[in-house]
Amino acid sequence: MRSAVSTPIIIDCDPGHDDAIAILLALASPELELRAISTVAGNQTLDKTTRNALKVLELAGRTDIPVCAGADRPLRRELQTAPHVHGETGLDGAELPEPTTPTVDQDVADFLAERIEPGIVLVPVGPLTNVAHLLQRRPEARPDRIVWMGGSIAEGNVTPAAEFNAYVDPEAAARVVASGIDLTMIGLDITHKALFTQEHAEQLRGTGKIGTFVAELADFFLRFHRERYGMQGSPIHDAMAVAHVADPTLVTTLYTNVEIETASQWCDGRTVVDRWHATDRPANVHAGIDVDADRFLELLCSRLESL
Ligand code: RIB
Ligand code: CA
């Protein structure tokens, strides 16, 4: 059931374990109306991320939501995927039904432009290649607001200096931060504060096909984060961007300057966040600096249980 006034959103994603959970959270949140999904190459190749998005909607019984396959590579760089994180399929560890619906056969900039209307929030949770194409090809169709899972103030997960979504396509990220659009950045510094543990997975397992699917995803995702970072849980990065649109009290943001490094031997893809206003560069991003982790995880689990 939708809440009285639900916010329409479009998710641009590269499923990906946390992308899949973000889509399900959007479907389970009465404050939101998921209008469409566009897919981008990132965690896996475009064919796989697109197939995964269709499979998640098939599982959720929401094949009414249109899906458009976007960019199969970054604006200028070679694609770097993350099979070591998400597996060869991009959603390893979980069983999913075969998709029965096709994608919308359309240029992604046109697909997004036709669906952008006043009040809609674009929620990209992968590399920003599709958003850059939208700004370039359909400049008249600017979304009022973008809430992006990407970047970081101090963390790096693909290099010591950079977060994956920014690193895969820094030129695209640079275009988006320079666009002047109301942009929120949900970065690693806060997603790493809210870890989805085995206990959360057991809470969901057996609550139905969606809960079991999320638990299976978490089992796989947790193994990577335990082995790589010694974490006792997984950051469900992309779901935090969706949750922030549903409940803006969860994340604390700071309006400051963010620039993207695109020409560095060691720091390409770094989101240079002026956390302490050390420069006089103009503010352009609402950067996430803190999160109420317990309330975020409670919202995530209770919503997923309801599906
Ligand atoms: O760095 C984390 C981000 O990169 C998440 O969006 C994850 O899905 C990957 O795309
Ligand atoms: Ca993602």
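Read the numbers this way: they start at 1 and go in the same order the structure lists the ligands and their atoms. The residues of the chain are indexed from 1 along the displayed sequence.
- When all heavy atoms of L128 and A173 are compared, the closest pair comes out as CD1-CA, 3.7 Å.
- Distances below 4.0 Å separate heavy atoms of E163 from the following atoms of ligand 1: 1 (O), 2 (C), 3 (C), 4 (O).
- Residue contact check: D19 has heavy atoms under 4.0 Å from atoms 8 (O) of ligand 1.
- No hydrogens or angles considered: nothing links the side chains of N52 and T49 as a donor-acceptor pair under 3.5 Å.
- Looking at V158 against ligand 1, nothing comes within 4.0 Å, counting heavy atoms.
- Only the side chain of N157 comes within 4.0 Å of ligand 1, counting heavy atoms alone; its backbone N, CA, C and O stay farther away.
- Remark: K209 does not engage E216 in a salt bridge, criterion side-chain N to carboxylate O under 4.0 Å.
- Where the criterion is an N or O separation shorter than 3.5 Å, residue side chain and backbone included, V125 meets it with respect to ligand 1.
- In this structure, the protein non-hydrogen atom closest to atom 6 (O) of ligand 1 is D238 OD1, 2.5 Å.
- A salt bridge is defined here as a Lys NZ or Arg NE, NH1 or NH2 lying under 4.0 Å from an Asp or Glu carboxylate O, and E78 with R73 fails to meet this definition.
- Checking each of L122, V125, N165 against W148 for a side chain to side chain contact (heavy atoms under 4.5 Å, CB included) leaves exactly one that passes, namely N165.
- Linking Ile, Leu, Val, Met, Phe, Trp and Tyr whenever their side-chain heavy atoms come within less than 4.5 Å puts L59 and L217 in one cluster.
- Ring geometry for H237 against F221 counts as perpendicular: the plane angle is over 60°, on a 0 to 90° scale with 30° as the lower cut.
- If you count the protein N, O or S atoms nearer to the Ca ion (ligand 2) than 3.0 Å, you get 5.
- N165 OD1, 2.8 Å is the protein heavy atom nearest to atom 10 (O) of ligand 1.
- Nearest to atom 8 (O) of ligand 1 among the protein's heavy atoms is D18 OD1, 2.7 Å.
- If you number the atoms of ligand 1 from 1 as listed, the ones under 4.0 Å from a heavy atom of F164 come out as 1 (O), 4 (O), 9 (C), 10 (O).
- Between F224 and H86, the distance separating the two ring centers is not shorter than 6.0 angstrom.
- Ring orientation note: the planes of Y229 and H225 are close to parallel, at an angle under 30° on the 30°/60° scale.
- Remark: minimum distance from atom 9 (C) of ligand 1 to any protein heavy atom is reached at N43 OD1, 3.2 Å.
- Ion pair E298/R295 not flagged as a salt bridge, since none of the NZ, NE, NH1 or NH2 atoms sits closer than 4.0 Å to an Asp/Glu carboxylate oxygen.
- For the residue pair N257/E259, the side-chain donor-acceptor check at 3.5 Å is satisfied.
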